[in-house]
Protein chains: 2
Amino acid sequence: MTQTTAAPNQITETTESASAQQNTANAGGKAKGKRRGAKPVVAKQLGGAIRQRNEERILRAAAEVFASAGYKGTSVQAIADKVELPKANILYYFKSKAGLYTAVLNDILEMWNQGFDERAIEREPADVIREYILAKMRYSRTRPQESKIFATEIIHGAPVIRDAIDLPMVGWTKQKASVIQAWVAQGKMRAIEPLYLLFMIWGTTQFYADFDSEITMIKGRALSDEEFSKAEDFVVETVLRGLALI
Amino acid sequence: MTQTTAAPNQITETTESASAQQNTANAGGKAKGKRRGAKPVVAKQLGGAIRQRNEERILRAAAEVFASAGYKGTSVQAIADKVELPKANILYYFKSKAGLYTAVLNDILEMWNQGFDERAIEREPADVIREYILAKMRYSRTRPQESKIFATEIIHGAPVIRDAIDLPMVGWTKQKASVIQAWVAQGKMRAIEPLYLLFMIWGTTQFYADFDSEITMIKGRALSDEEFSKAEDFVVETVLRGLALI
DNA sequence: ATAAAACACGACCAAGTGGTCAGGTTTTTG
DNA sequence: CAAAAACCTGACCACTTGGTCGTGTTTTAT
């Protein structure tokens with residue numbers, strides 16, 4: 001549950017359309033120096049309190065719209081409507097739609113390197129894997145929007161985050177895979193290819209976030225907390241049994 | 001592997017933007033009568049051979065672009081470029097982008113009701129589930145585009161196919177769930193909630209199609225046929241063990 | 001208090017979009 | 001072979017979109 005790798009991945013904008021792209025958006029809250037016309041002479045440090053607050057509100061609204069409509073399907077106006085600010089104002093904080101999108105993705109990536117415990121290799125596989133599955137399931141439950149944005153990005157080939165996640169992602173995965181591999185070598189679980197186990201966990205847990213509309217369609221309503229909890233149990237137990245861990 | 005339900009679901013276009021929408025696109029190949037100006041007096045039956053051929057080519061190209069760029073991200077011009085036909089020509093066959101999209105989705109849905117064998121309930125759970133998983137895995141392998149289009153649709157709340165799949169999907173699912181339920185009742189497998197098993201299978205198998213770019217990123221290349229085959233084995237074995245079926 | 005920086009926003013624009021249409025050419029039909 | 005249907009396509013248009021700009025207002029620092 002605790003972090004393993006500190007991932008300082010920061011997505012830098014890629015010029016995507018024909019328009020001029022000058023500098024990067026201010027993600028998380030750390031505002032950067034900007035020079036347009038002859039406005040600020042000295043680089044400011046953190047942006048006013050107003051900026052802080054508005055950037056947060058905009059980010060939240062943007063995530064909502066991006067999640068439900070996709071990048072292209074999202075108009076800056078739609079975000080503006082949601083935060084109840086004029087469009088020009090949101091472009092004042094984030095110089096471009098692309099910048100806003102990368103800012104949202106940066107926020108998401110920060111939560112993405114959740115991995116195995118640092119001492120995972122010394123612990124019982126069943127415990128580590130159980131915790132990992134539960135963490136992923138809860139993420140799907142509490143942050144479906146972020147999950148959807150991420151999924152859509154990947155499905156479309158990760159045009160925006162590719163460079164930012166490429167190395168870190170490979171690192172995280174290799175690390176997790178090697179832990180699993182070690183367990184196998186120690187005879188603690190049946191011989192499997194670690195990658196396919198990770199895929200199964202990712203695919204299954206993401207499903208609950210990304211396909212919630214399908215689930216709702218099928219059940220006639222969304223999963224209750226109890227049902228979701230049962231689903232968690234099912235996934236954990238099935239995977240552990242599947243690995244001959246229980 | 002064989003069909004269980006004959007699903008005559010046909011997506012009917014929903015007016016989506018402000019423009020006038022007259023009639024539905026000609027999917028699969030069955031062309032419909034159309035009346036614009038004073039052209040065709042008698043309803044034609046199947047469309048000329050030229051039409052047949054061009055519709056197929058367009059459909060194929062459209063699927064490619066839709067899969068990689070999403071609905072909104074796809075311009076009719078992009079499809080036109082891919083088939084090397086002028087834009088106006090593709091709009092001649094499919095009256096609208098939305099029509100083309102629904103045509104593509106109709107094609108996809110035709111393959112979607114793959115389910116358990118009709119006599120599944122009398123067969124061994126392990127066999128039926130193994131076959132089902134393999135079928136889904138193979139679909140992911142051979143038709144990743146379709147899988148991606150479908151996934152993106154669902155993630156965004158299925159705005160287009162909702163009405164078309166709502167009932168059938170609920171039906172298919174209920175049917176499969178009841179078979180599983182029966183197995184449980186017969187003590188043939190451990191007591192589980194069927195839905196969560198289906199979700200696990202869907203999520204895992206879809207992952208291989210939708211997240212292939214991530215897989216490629218991690219491995220440095222795409223999965224080879226051998227590796228994919230190992231993945232199939234892993235999924236089958238893990239699920240079957242997970243259900244206490246082997 | 002006052003200057004400077006930060007914030008707010010209506011009006012505007014260039015580019016790209018889906019879709020139409022008129023008039024042509026080719027194919028099919030009788 | 002001629003008429004009708006089917007096919008083809010460049011030109012065009014209405015509309016949406018991301019993004020800019022000028023100017024006005026509020027906040028902050030000195």
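All values below were derived from every heavy atom in this structure, side-chain atoms included, with hydrogens, water molecules and symmetry-related copies excluded. Here the structure is a predicted model, which means the values were calculated and not measured.
- Taking atom CD1 of residue B:I90 and atom P of nucleotide C:dG18, one finds them 9 Å apart after rounding to whole Å.
- The shortest distance between the side-chain N/O atoms of B:Y92 and the OP1/OP2 oxygens of D:dC7 is below 4.0 Å.
- For the pair A:I50 CD1 and C:dA5 P, the computed distance is 17 Å after rounding to whole Å.
- Contact of B:K87 with C:dG19 (side chain to base): a donor-acceptor pair of N or O atoms is detected under 3.5 Å.
- We find that CD of A:Q52 is positioned 15 Å from P of C:dA6, with the value rounded to whole Å.
- Across the protein-nucleic acid pair, B:K72 atom NZ and D:dG18 atom C1' stand 14 Å apart, rounded to whole Å.
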Could you give the side-chain donor-acceptor pairs of residues 59-69 of chain A under 3.5 Å, partners two or more places apart or in another chain?
from, atom 1, to, atom 2, distance (Å)
A:E64, OE2, A:K82, NZ, 3.2

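- Residues from residues 73-86 of chain A that place a heavy atom under 4.0 Å from any atom of DNA chain C, listed by number: A:P86.
- Put simply, A:N54 has a side-chain N or O that comes within less than 4.0 Å of OP1 or OP2 on C:dA8.
- In this structure, A:L100 places its CG atom 16 Å from P of D:dT17, rounding to the nearest Å.
- Within the structure, salt bridge (charged side-chain N to carboxylate O under 4.0 Å, His left out) contacts touching residues 201-218 of chain A (residues at least two apart or in different chains) are A:K148-A:D212.
- Between A:N89 and the phosphate of C:dG10, there is no side-chain N or O to OP1/OP2 separation shorter than 4.0 Å.
- One interatomic measurement links the two molecules: OH of B:Y93 to C1' of C:dG18, which rounds to 20 Å at whole-angstrom precision.
- Atom pair A:R53:CZ and D:dT26:P shows a separation of 16 Å (rounding to whole Å applied).
- Qualifying side-chain contact (heavy atoms from CB on, under 4.5 Å) partners for A:N89, counting only residues two or more places apart in sequence or in other chains: A:L85, A:P86, A:Y92, A:Y93.
- Looking only at distances, no side-chain donor or acceptor of A:Q206 sits under 3.5 Å from a matching main-chain atom of A:G203.
- The CZ atom of A:F94 lies 15.0 Å from the OH atom of A:Y101; values are rounded to the nearest 0.5 Å.
- Out of D:dG19, C:dG18, D:dC21, the shortest distance to the side chain of A:L91 is found at D:dG19.
- One finds a side-chain N or O of B:R51 lying less than 4.0 angstrom from the OP1 or OP2 phosphate oxygen of D:dC7.
- By the side-chain contact (heavy atoms from CB on, under 4.5 Å) test, A:T204 is found to be paired with A:M200, A:Y208, A:V235, B:M200, B:T204, residues two or more places apart in sequence or in another chain being considered.
- Counting to the nearest Å, the P atom of D:dT16 and the NZ atom of B:K97 are 15 Å from each other.
- A:A80 is linked by a side-chain contact (heavy atoms from CB on, under 4.5 Å) to A:Q77, A:K87, A:I90, counting only residues two or more places apart in sequence or in another chain.
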